[in-house]
Amino acid sequence: MCYSALVKRDLEALKKSYGAVSIRQDIEDYEQRSKAEPKLFPPLHSRIYPGNFAPVIVANGEERQVQLQRYGAYPHPSIPHPERYTTFNARRDNLTSHFWSDAYLKHHGFVVLNGFFEWVEVRDLVKAGHVKISEIEAEFERQSNERKAKVLLAGKKYKKTPTELKPALQRKIIIQFKPEDESDLLVPVIFSGSGAKDVFANGFAIITDEPPDEIRAAGHDRCPVILNADALESWLHPYGRTAKEMDDLLSKRQRLTFKHQLAKAA
């Protein structure tokens, strides 16, 4: 899974590097909605979480276009109570399931990431040797103090949570993964609509697969698929292609080496 991600938002940079048509008017409209309904339309930031919106590059005929889409796709409408579901990651080995049949081989796009964040077991992270247990303990202490200050400021009584009382080696922590060469991550997504007649009704899911060794060693078992630039055109135009052809395309992804650090330093 991809818990949250750092997305590239500079429209001019996206246009220059990936031929995407800018949509500044849509962004202005979104920002107006965000002021009126911040829960439904959270403010745009580079770091996105499920429910946030981000620029997704899609095919518009022979051109490429940027659309603001919600991080969280919608299941096929025939699934009972689809309004209860929103899934922000799509496993490569599950793309042909009925759940994704309204998106896969129909609505493809990609996002440009600078990195992503994951929850990992502290014991696995320490074993990987890149982060010391003392650094992790200091980060947990900082988090506790930050929460304590908020609780006291609200006039409430502070008490440590059961998680905060656990030894560090029995807890999880968020870390950030970035490519060692700082290159853009071209991440394929599939998207679907909520059914609403609205320009912002689409939601996307990041396609994930087995991770490279250094991510697995750090304690995580998934990683976004990273496409080569020359595969983008084929990915964006799935019509007439078979599921096997698309799967072969996803299997020929970039092989990058990732570094990681505690999320607070990101």
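Heavy atoms only: backbone and side chains are in, while hydrogens, waters and symmetry mates are out. From a predicted model like this one, the values you see are computed outputs, not experimental measurements.
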Considering non-hydrogen atoms only, spot the tightest contact between [X] and [Y] and give its length.
X	Y	value
Ser97	Asn94	OG-O, 2.9 Å
Val58	Gly109	CG1-CA, 4.3 Å
Leu95	Trp100	O-CB, 3.5 Å

Cation-pi geometry met for Arg47 and Phe117 (6.0 Å, 45°) |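 Judged by the rule, Arg47 and Phe117 form a cation-pi pair.
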Given Lys259, which of Glu214, Glu180, Glu182 fulfils the salt bridge (charged side-chain N to carboxylate O under 4.0 Å, His left out) condition?
-> Glu182
Between [X] and [Y] (salt bridge meaning N to carboxylate O under 4.0 Å), is one present in this structure?
X	Y	result
Asp248	Lys252	no
Arg171	Glu137	no
Lys35	Glu31	no

For residues 127-153, pull every pair meeting ring-ring contact (aromatic ring centres under 6.0 Å, His included), keeping only residues two or more places apart or in separate chains.
->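 For residues 127-153: His130-His260.
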ring-ring contact (aromatic ring centres under 6.0 Å, His included) partners of residues 221-251, not counting sequence neighbours, each pair once |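 Sorted result for residues 221-251: His108-Trp235.
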Take atom CD of Glu62 as the centre, draw a 6.0 Å sphere, and report whether it contains more than 12 heavy atoms from other residues, nucleotides or ligands.
-> no
For Asn145, does the CG atom sit with more than 12 other heavy atoms under 6.0 Å from it, leaving out its own atoms?
-> yes
Salt bridge (charged side-chain N to carboxylate O under 4.0 Å, His left out) between Arg92 and Glu210, worked out | CA-CA 9 Å; Arg92 178 188 162 204; Glu210 296 293 322; over 6 Å; no
Report whether Leu169 and Ile173 are members of the same hydrophobic cluster (ILVMFWY, side-chain heavy atoms less than 4.5 Å apart, transitive linking).
-> yes
Would Leu236 and Val21 show up in the same hydrophobic cluster when neighbours are defined by side-chain heavy atoms closer than 4.5 Å?
-> no
Going by chain and number, the hydrophobic cluster around Leu152 (ILVMFWY, side chain to side chain under 4.5 Å) further includes Val151, Tyr158
Spatial distance of atom CD1 (Ile27) from atom CD (Gln32) [nearest 0.5 Å] =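 Nearest 0.5 Å value for the CD1-CD distance: 13.0 Å.
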side-chain hydrogen bond (donor to acceptor under 3.5 Å, both in side chains) pairs, two or more places apart, involving residues 5-16 |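 As it turns out, the side-chain hydrogen bond (donor to acceptor under 3.5 Å, both in side chains) pairs with a partner in residues 5-16, which skip direct neighbours, are Lys8-Asp184, Glu12-Arg24.
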List the steps and the verdict of side-chain contact (heavy atoms from CB on, under 4.5 Å) for Leu227 and Leu250.
-> CA-CA 7 Å; Leu227 288 179; Leu250 293 173; 4.2 Å; yes
Is a donor on one side and an acceptor on the other found under 3.5 Å between the side chain of Arg33 and the backbone of Phe41?
->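 No.
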When Phe88, Phe53, Tyr71, Phe110 are each screened for side chain to side chain contact (heavy atoms under 4.5 Å, CB included) with Phe204, the one that passes is Tyr71
List in chain and number order the residues that pass side chain to side chain donor-acceptor pair (under 3.5 Å) with Gln143, two or more places apart in sequence or in another chain; answer none if no residue qualifies.
->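 Listed in chain order: Glu139.
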Set of residues satisfying side-chain contact (heavy atoms from CB on, under 4.5 Å) with respect to Lys172, sequence neighbours excluded =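 Counting only residues at least two positions away or on another chain, Lys172 forms a side-chain contact (heavy atoms from CB on, under 4.5 Å) with Trp119, Glu121.
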